Amino acid sequence: MIPSDHFVRFYNEVFKFLDERGGLQSFFLEISRHQELHCLELYRALGIRGMYEYYQKIRKEENCDIELELLADGHGLIIHFKFCQSLAKVLNNDAGACPKYCLHCPGWSGPLDRKAGFYYIKDLVDLLKPECRTWVFDKAEPAMEKYLELCRSGIGERIRVNFPVPEKERMV
Amino acid sequence: MLRYQENNELHRDFHGTTNTTLNYIADHYGVDALKMILRKTGHDVYKSIREKLEKGDASELIEHLNWFFYRERGKYQLTVSEDEIVFEVLECPAIRHLRKLGLEPSQHVCLQTSEVNAGMCEGTPWHSEVKVLEEGHCIQTFRKEPSHDTK
């Protein structure tokens, strides 16, 4: 048994293997389908509040420092990973980190959130620092507005979304 | 002393993600590729355990087995002698959690153990063996070759 404590270090080895073969994206979609077991019904039943509940569980079980802000209108959630234990463990690792480790997060969350009817925006910040920010909305307009705001601030290359963005707006 | 100190909450659902990953790699890249990744995990991630085994010191391996199965509330018996470590898992916490989630354990689920253990022992005087007796019940043996006695 790989202890659940050490799962991410195994995951990291899988990513290295897949990255060499151009296989990361397909695998992330498989993980996204798997994660439906834990999230999709909850998200569909409770909307954004369901996601808030899921990340409360993650904050506790994964020992992460996460600031969760449910927007006043109830239609959006900001997830600020101030300390992501997952990447922190991968960095604290004799096997070394896969440089694309962080990409698994938008890789599985984006498609799953889309199935739940959510618009997802991730600022990866720095692939080698255990910190990131995510905005999730249940309406397209505020999501696009947020995306454009982030791009205009000059960090477009750090941003991942799960909804179509007009090419002329894409600042990456 | 353990290289990776883990003392906080557990996210047992990672066993489900491991299960999905085992199936995915085996289905898309073959069982040999899966074995290679697992063995590399044992070899590289658990470098500290391996390097101690090279020197004839099994203390971190023993602590690793004991601590992480204790943390996951596994049922097990650990028997240690100078040249042999026998770790009988009576109820595997990973398989128990998969069943709780309603997931069918991958047919490759026990490769996690056999290949990671083999990776930890690679290039050392120790050899590992895993006998699966039934679902969730196995005997993991680590045996030191007498010819490699470091004393």
Side-chain angles (χ1 to χ4, degrees), chain A residues 1-39 41 54-65 83-86 88-98 104 107-108, chain B residues 3-25 27-29 33-34 36-51 64-65 67-69 71-72 74 89 92-95 97 101-103 109-110 112-113 115-116 136 138 140:
Chain A
M1 178 189 82
I2 294 173
S4 54
D5 280 317
H6 294 170
F7 160 73
V8 297
R9 295 185 179 101
F10 162 61
Y11 217 25
N12 178 57
E13 292 307 306
V14 172
F15 293 173
K16 288 177 191 172
F17 173 88
L18 290 173
D19 190 29
E20 283 173 7
R21 291 156 181 82
L24 279 175
Q25 288 306 321
S26 305
F27 177 63
F28 294 159
L29 287 175
E30 179 73 4
I31 295 302
S32 187
R33 283 188 286 273
H34 168 78
Q35 284 296 109
E36 290 177 15
L37 169 74
H38 301 292
C39 305
E41 201 181 309
Y54 179 71
Y55 278 92
Q56 280 187 310
K57 174 183 153 96
I58 293 302
R59 174 163 60 191
K60 179 172 184 276
E61 293 188 2
E62 291 197 36
N63 306 290
C64 293
D65 183 1
F83 183 77
C84 168
Q85 189 68 259
S86 180
K89 284 187 182 184
V90 163
L91 294 171
N92 173 23
N93 176 12
D94 286 334
C98 171
H104 80 274
W108 75 260
Chain B
R3 162 70 177 87
Y4 306 116
Q5 298 287 326
E6 319 279 2
N7 306 295
N8 299 322
E9 293 282 340
L10 286 170
H11 185 56
R12 291 186 173 86
D13 290 348
F14 278 150
H15 290 305
T17 324
T18 298
N19 200 57
T20 296
T21 303
L22 297 173
N23 284 335
Y24 184 88
I25 297 294
D27 290 351
H28 291 79
Y29 296 92
L34 175 61
M36 186 193 80
I37 296 168
L38 288 164
R39 197 170 281 229
K40 186 172 180 296
T41 301
H43 186 273
D44 295 353
V45 172
Y46 297 112
K47 179 184 168 198
S48 169
I49 291 176
R50 180 172 50 78
E51 287 185 345
H64 170 86
L65 295 169
W67 177 240
F68 290 105
F69 276 76
R71 259 172 77 65
E72 303 232 18
V89 178
C92 174
I95 291 176
H97 194 70
L101 291 174
L103 294 171
V109 73
C110 296
Q112 286 177 75
T113 303
E115 293 302 320
V116 169
C138 72
Q140 303 176 34

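Predicted model only: the values in this text are computed from it and were never measured. Chain naming here is simple, since letters A, B, ... match the order of the sequence lines and numbering starts at 1 in each.
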query: In terms of heavy-atom pairs under 4.5 Å with chain B, which of Gly96(A), Gly23(A), Pro3(A) leads?
result: Pro3(A)
- prompt: Side chain, backbone, both or neither: which part of His64(B) has a non-hydrogen atom closer than 4.5 Å to chain A?
  reply: side chain
- request: Step by step, work out the side-chain contact (heavy atoms from CB on, under 4.5 Å) result for Lys57(A) and His38(A).
  value: CA-CA 11 Å; Lys57(A) 174 183 153 96; His38(A) 301 292; 5.8 Å; no
query: Under a 4.5 Å heavy-atom cutoff, which of Gln35(A), Glu61(A), Gln85(A), Glu62(A) has the most pairs with chain B?
result: Glu61(A)
field: Centroid-centroid under 6.0 Å between Phe10(A) and His6(A) rings
entry: no
Sidechain-backbone polar pair: Trp108(A) side chain, His34(A) backbone, donor-acceptor under 3.5 Å: no
- prompt: Is the His104(A) ring parallel, tilted or perpendicular to the Phe15(A) ring (thresholds 30°, 60°)?
  reply: tilted
query: What part of Leu22(B) is in contact with chain A, defined as an atom under 4.5 angstrom from a non-hydrogen atom: side chain, backbone, both or neither?
result: side chain
Side chains of Glu72(B) and Ser4(A), donor plus acceptor under 3.5 Å: yes
query: If you tally heavy-atom pairs under 4.5 Å against chain B, which of Asn12(A), Val14(A), Ile58(A) wins?
result: Val14(A)
statement: Okay, Ile25(B) and chain A: the region with an atom under 4.5 Å from a heavy atom over there is side chain
message: Is Val45(B) close to chain A through its backbone or its side chain, or both, or neither, when contacts mean heavy atoms under 4.5 Å?
response: both
message: Tell me whether the rings of Tyr46(B) and Tyr4(B) are parallel (<30°), tilted (30 to 60°) or perpendicular (>60°).
response: perpendicular
field: Per-residue contact mode, Leu101(B) against chain A (heavy atom under 4.5 angstrom)
entry: both
query: chain B heavy atoms under 4.5 Å from Phe27(A): which part of the residue, side chain, backbone, both or neither?
result: both
